[in-house]
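Here the structure is laid out as structure tokens; the discussion comes afterwards.
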Amino acid sequence: MPEASRWHRGGIPKRKLHLRKEVEIRTTPQELLLYIIFLINLCILTFGVVNPHMYYLNKVMSSLFLDTSAPDDERTNFKSICTITDFWKFMEGPLLEGLYWDLQYNDKSSHIYYENILLGVPRVRQLKVRNNTCKVYSSFQPLMSECYAKYTSENEDISDFGLKSDTEWKYSAPSINSPWHVGFVGAYHNGGYIFTLSKSKSETKNKLVNLRLNNWITRGTRVVFIDFSLYNANVNLFCIIRLVAEFPATGGILTSWQFYSVQLLKYVSYYDYFIVSCEIIFLIFLIVFTTQEGKKIKEFKSAYFKSIWNWLELLLLMIFKFISFNKTMSQLSSTLSRCIKDIVGFAIMFFIILFAYAQLGFLLFGSQVDDFSTLQNSIFAQFRIVLGDFNFAGIQQASPILGPIYFITFIFFVFFVLLNMFLAIINYTYSEVKADYSIGRRPGFELGKIIKKSYNNILEKLKLKKPQKDEDGKSIKSTDLAEQARREGFDENEIQRAEQMKKWKERLEKKYYSTEIQDDYQPVTQQEFKDLFLYAVELEKELHYISSKLNRVMRKVSALPY
């Protein structure tokens, strides 16, 4: 038994663990300094790629192409398009005027707001579906001879139509592995019927008029894309613009847009070269940290993956490395690691109820309320209800009876029951962690104590601060306490018994509340069991002695006349 007590569970000697812990304490401040440098470098890289002018460039371009109205109809802009006529008004009005806002250099380049150069020429592309891709009910077949379904790859029309002379009337196949555009009512590839605008404003206008007169947009049209790019040399930014008009099978037009400002030309200014140096430093840190984690995996093998923080280090690359060296953050990590099983079980129940209400809301209000128009929107609506951002009047108008019932039951079960259960799990586990910390089960060392101790040592060496009287900073020693007890008239046997109990307590605490090895099973020797037994006997005697004194005091108090 004594031999076994000198070994840590897993066959590692205690002395080796102690030496490893001392090395870790010495190297932690150095690692912290490097880690701070790494975080500063990471922040510079993160914020360095974001240009504050991106927002203003997007705002100017969106105002020009989205909010500008047609000359003869102030109510028609890209956002308000709802018919094919409105679409052609936008194409021949705001879009044409915006793209050819100012022509310079003999009509060879287009400058928008003087500062933005139109790169190349804009491209307009549409996708269509074939006729008779859906089936008309027999009673309505005499009234409807054509039927165009929603857009899918199977329903797509790839045949030439119209004049069949130019490229805009002929189908162009999509490129391999091309990205798809996801719209409101469908997902679209990058093929279709394409025509490019001219660099001349007059030629472009004539081309648009020709397409409108020859019905380039038909009942089979399901989406039209308008793509072009700009470059602003003043801020070194490119603005990639896509305007999308979807023609759903229900009729009408749904418009959407994308404005992306990006810095494609890097390393122009001195600041850009500074970012390059930060990128190189980041790459070095990445290699070093990855190598360190690889060594840990090689050393601990499967035991490495049993720690949740090791997984976080692998995923987030050292973001939580020093979290356990602070008392507060260590309590947080201990709380989360202890209650992770309860949280997972609770999360399963929570999301089952959440998805059930999302499906119910989609079935009840999906045809009338925008927040429940799709299952995805319905799921997000549940979280918005919890946060208080919800339009109750919408569901009440859709269903005056089921709407309030749905809302009240959701608030009761999810907000008042489930969320409070979640808080109860966290609070209960946190109270357990606090209790463990209060009896001494705390981290082997805390970063704040290390820094404070190093700071005090420096001040003592510089003779700016008096040295502490003992390790714990206490000015009164145990011998002084014993002498004070004798002066106050305490019995000598009681003083010796108290000193003996204190020695036992210190020895037991050193054994079982050690800060060097935590949360590890250690066998108990016969001598240690004897010490524990004697300590318990002495405690029982002390409690009996105190109880007898209290009984005598109570008897005297009860005998006093009132």
Pair N214, N210: side-chain N/O donor-acceptor within cut-off below 3.5 Å: yes

What residues, two or more places apart in sequence or in another chain, satisfy side-chain hydrogen bond (donor to acceptor under 3.5 Å, both in side chains) together with Y231? N236

Can you confirm whether Y271 is buried at OH, in the sense that more than 12 heavy atoms of other residues, nucleotides or ligands lie under 6.0 Å from that atom? yes

Considering all heavy atoms of both residues, which atom of K135 and which atom of C147 are nearest to each other, and what is their separation? N-SG, 4.2 Å

Check the pair T218, Y148 against side-chain hydrogen bond (donor to acceptor under 3.5 Å, both in side chains), reporting the backbone distance first and the verdict last. CA-CA 11 Å; T218 65; Y148 298 89; over 6 Å; no

Please tell me whether W216 and F195 form a close aromatic pair, meaning their ring centres lie under 6.0 Å apart. yes

Test F78 against I81 for side chain to side chain contact (heavy atoms under 4.5 Å, CB included), laying out the working first. CA-CA 5 Å; F78 186 76; I81 290 175; 3.8 Å; yes

Between CG on residue L419 and CG on residue L423, distance to nearest 0.5 Å: 7.0 Å

For I425 and C339, work out which heavy atoms get closest and say how close. CG2-CB, 4.0 Å

Would you check if the side chain of R222 reaches a backbone N or O of A149 as a donor-acceptor pair within less than 3.5 Å? yes

What is the minimum heavy-atom distance between S200 and S202, and which atoms define it? OG-OG, 3.0 Å

For F407 and F392: C-alpha separation, side-chain torsions, deciding distance, then whether ring pair (Phe, Tyr, Trp, His ring centres under 6.0 Å) applies. CA-CA 8 Å; F407 181 77; F392 174 74; 5.1 Å; yes

From CA spacing to verdict: side chain to side chain contact (heavy atoms under 4.5 Å, CB included), T255, V244: CA-CA 6 Å; T255 58; V244 184; over 6 Å; no

Where W169 and K164 come nearest, the two heavy atoms and their spacing: CB-N, 3.6 Å

Begin from the C-alpha positions of N234 and E115 and carry the test side-chain hydrogen bond (donor to acceptor under 3.5 Å, both in side chains) through to its verdict. CA-CA 7 Å; N234 296 340; E115 310 296 343; 2.6 Å; yes

Could you give me the CA-CA distance, side-chain angles and deciding distance for Y193 and Y171, then say whether side chain to side chain contact (heavy atoms under 4.5 Å, CB included) is met? CA-CA 5 Å; Y193 302 88; Y171 181 80; 3.8 Å; yes

Decide if atom CD of E279 counts as having more than 12 heavy atoms of other residues, nucleotides or ligands within a radius under 6.0 Å. yes

Nearest-0.5 Å distance, CG of residue N427 to CZ of residue F422: 10.0 Å

Does S62 use its side chain to pair, donor to acceptor, with the backbone of N58 at less than 3.5 Å? yes

Say whether, by atom type as modelled, one donor and one acceptor occur between the side chain of R125 and the main chain of G191 under 3.5 angstrom. yes

Polar side-chain atom of S378 near backbone of A358 as donor-acceptor pair, under 3.5 Å: yes

Pairing of K128 and E156 as salt bridge, 4.0 angstrom limit: no

Ring centres under 6.0 Å, that's the criterion: do F365 and Y406 meet it? yes

What are the two closest heavy atoms between F161 and E168, and how far apart are they? CE2-O, 4.3 Å

Donor-acceptor pair, distance only, cut-off 3.5 Å: does the side chain of T204 make one with the backbone of L197? no

Begin from the C-alpha positions of L119 and F238 and carry the test side chain to side chain contact (heavy atoms under 4.5 Å, CB included) through to its verdict. CA-CA 9 Å; L119 301 178; F238 291 84; 3.5 Å; yes

Please lay out, stage by stage, how R219 and E146 fare under the test salt bridge (Lys or Arg N to Asp or Glu O under 4.0 Å). CA-CA 9 Å; R219 288 183 57 189; E146 297 179 342; 2.9 Å; yes

Once rounded to the nearest 0.5 Å, what's the spacing between atom OG of S172 and atom CD1 of I158? 11.5 Å

d(Q141 CD, Y137 OH) to nearest 0.5 Å is 10.0 Å

When rounded to the nearest 0.5 angstrom, what distance separates CD1 in I241 from SG in C239? 4.0 Å

What do the steps show when you test Y188 against W180 for ring pair (Phe, Tyr, Trp, His ring centres under 6.0 Å), and what is the final call? CA-CA 5 Å; Y188 314 96; W180 287 55; 8.4 Å; no

Angle class for the F282/F38 ring planes (parallel below 30°, perpendicular above 60°, tilted otherwise)? parallel

Within the side chain of R212, is there an N or O that forms a donor-acceptor pair under 3.5 Å with the backbone of I217? no

Run the side-chain hydrogen bond (donor to acceptor under 3.5 Å, both in side chains) check on S261 and N51 step by step: do they pass? CA-CA 9 Å; S261 291; N51 192 319; over 6 Å; no

Can you find a pair of side-chain heavy atoms, one from N77 and one from T68, that are under 4.5 Å apart? no

Anything under 30° is parallel, anything over 60° is perpendicular, the rest tilted; go ahead and classify F225 against H181. perpendicular

At their closest point, which heavy atom of D370 faces which heavy atom of N377, and how far apart are they? O-ND2, 3.7 Å

Salt bridge (Lys or Arg N to Asp or Glu O under 4.0 Å) between D227 and R242, worked out: CA-CA 5 Å; D227 298 300; R242 165 168 284 186; 2.7 Å; yes

Mutual orientation of the aromatic rings belonging to F416 and F412 [parallel < 30°, tilted 30-60°, perpendicular > 60°]: tilted

The reported gap from NZ in K199 to OH in Y100 (rounded to nearest 0.5 angstrom) is 10.0 Å

Sole candidate of F228, F259, F90 that passes ring pair (Phe, Tyr, Trp, His ring centres under 6.0 Å) when paired with F65: F228

